[in-house]
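None of the values given here were measured: they were computed from a predicted structure.
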Amino acid sequence: MKLPEHSELIVVGGGPVGATLALLAARAGRQVTLLEARAHDAGRRDDPRVLALSHASQQALLAAGGWPDSLAATAIDTVHISQQGSFGRTLIQRDDLKLPHLGYTVSYPDLNQALDAALAASSVRVIHGAEVQGLHSLSAYAQVRFAHQGHTRQMTGRLVALAEGGALAAQLPGMRRHEHDYQQSALICQVDVSVPHQGMAFERFAVDGPLALLPCGDAMMLVWTRQGAAAEALTACDDADFIAQLQAAIGDRLGAITGVGARACVPLRLKFALRTVSGRVALVGNAAQTMHPVAAQGLNLGLRDAVGLVDSLAGARDIGEAAVLAGFARQRQLDRRAVTGFTHSLIQLFDRHDPLLNAARGLGLTLLDNIAPLRRAFAGHLVFGVGG
């Protein structure tokens with residue numbers, strides 16, 4: 001296959017953020033090439049993750065053509081926030097923001113399949129099995145070097161958008177990242193419960209670590225943050241022991257836990273790029289920040305990066321010029337810092353469990369629940385981002 005030598009926009013990374021960016025940019029009239037390291041559909045169908053997407057993220061995917069009517073999504077209409085062993089809770093509902101739904105859950109494989117179909121029907125040139133090995137930025141273009149089918153290739157672009165895991169950004173001048181190892185893992189599995197969820201998601205700050213239960217079809221998807229050794233032990237223990245520990249952490253709001261699926265563990269680290277632009281290279285999604293899953297903001301923040309970059313390119317003759325990318329960096333700065341700082345602070349705030357601190361947190365949850373303007377503002381930040 002003859003590969004192009006130049007593209008106006010080169011997107012590196014074909015996950016949900018990179019694919020959405022490529023589709024939106026192509027719909028805006030840009031010439032786009034997407035470089036994806038994996039072979040077509042390799043490993044995607046076996047991924048156990050279920051994604052929690054805000055209403056704003058669903059709208060971005062819809063605009064990109066990546067949210068077909070056939071997509072198996074479960075609506076989230078209410079979010080119930082509480083802590084174990086103390087009073088106080090906050091209930092966020094779709095009516096707070098006058099939305100049809102606060103958000104949705106969808107399986108990672110299903111969303112990737114929808115985005116792959118949208119890419120196949122678009123003008124985006126997708127090159128699978130393209131492992132990017134190096135990049136550098138010059139005054140008029142950026143250059144990407146990648147391995148493909150046993151050969152080393154090169155491609156130039158007016159702008160390169162990194163939407164991969166963040167390793168490539170280390171090659172760029174002036175790029176520094178703040179990193180923090182939480183010494184925790186996220187345990188992920190499907191949970192069957194006896195009481196229908198009715199579109200309610202639960203965020204529970206349990207004594208042993210925060211957990212989320214997300215509606216997923218008729219079942220729930222559990223994301224339980226535990227210290228590394230405890231997470232591994234929970235992954236390996238028998239179903240009865242696991243159900244007993246989980247039931248103690250969540251209480252009886254969903255009735256009895258009647259079954260659990262296969263369990264997987266994912267180590268958790270915070271990675272935050274202090275800059276999102278270097279020359280003609282811009283960072284979005286996991287290349288810009290990788291976050292703790294508490295509050296389920298990581299992918300939503302990354303999709304806002306993608307939308308923000310495409311919006312910043314509107315009307316630009318040269319999409320990689322410094323003034324255009326400086327505008328993108330300014331536009332995304334507040335949301336990135338606020339949301340990443342918020343999720344990191346939640347882990348610190350709920351990491352200790354003494355009676356006085358529990359009471360203070362319970363009072364905060366109660367006030368948030370009862371002061372409608374404050375609750376609506378908080379809900380708006382979760383759904384639309386800070387400054388959105």
Check whether Y141 forms a cation-pi arrangement with R158 (NZ or CZ under 6.0 Å from the six-membered ring centre, at most 45° off the ring normal).
no

So, D181 versus Q183: side-chain donor-acceptor pair below 3.5 Å or not?
yes

Looking at CG of D218 and CG of D192, how far apart are the two atoms once the value is rounded to the nearest 0.5 Å?
9.0 Å

Does the plane of the ring in H80 sit parallel, tilted or perpendicular to the ring in F202? Use 30° and 60° as the thresholds.
tilted

Do we see a donor-acceptor contact under 3.5 Å between the side chains of Q154 and R145?
no

Would you give the length of the straight line joining atom CZ of R376 to atom CG of L368, rounded to the nearest 0.5 angstrom?
12.0 Å

Of T340, D305, T276, which is the lone residue that meets side-chain hydrogen bond (donor to acceptor under 3.5 Å, both in side chains) with Q289?
D305

List the steps and the verdict of ring pair (Phe, Tyr, Trp, His ring centres under 6.0 Å) for H55 and H101.
CA-CA 7 Å; H55 171 77; H101 305 288; 8.5 Å; no

May I ask you to decide if A295's main-chain N or O and Q297's side chain share a donor-acceptor pair within less than 3.5 Å?
yes

ring-ring contact (aromatic ring centres under 6.0 Å, His included) involving F205 - partner list, sequence neighbours excluded:
F350

Residues 5-24 vs side-chain hydrogen bond (donor to acceptor under 3.5 Å, both in side chains), sequence neighbours excluded, gives H6-T156, S7-T33, E8-R30

Which value, rounded to the nearest 0.5 Å, describes the distance between L111 atom CG and L53 atom CG?
6.5 Å

Which distance, rounded to the nearest 0.5 Å, do you find between the CE of M221 and the CG of L213?
10.0 Å

Among residues at least two apart in sequence or on other chains, which ones pass ring-ring contact (aromatic ring centres under 6.0 Å, His included) with H292?
Y182

Find out if a path of hydrophobic residues (ILVMFWY) with successive side-chain heavy-atom gaps under 4.5 Å connects V277 to V17.
yes

Other residues, nucleotides, ligands: >12 heavy atoms within 6.0 Å of L138 CG:
yes

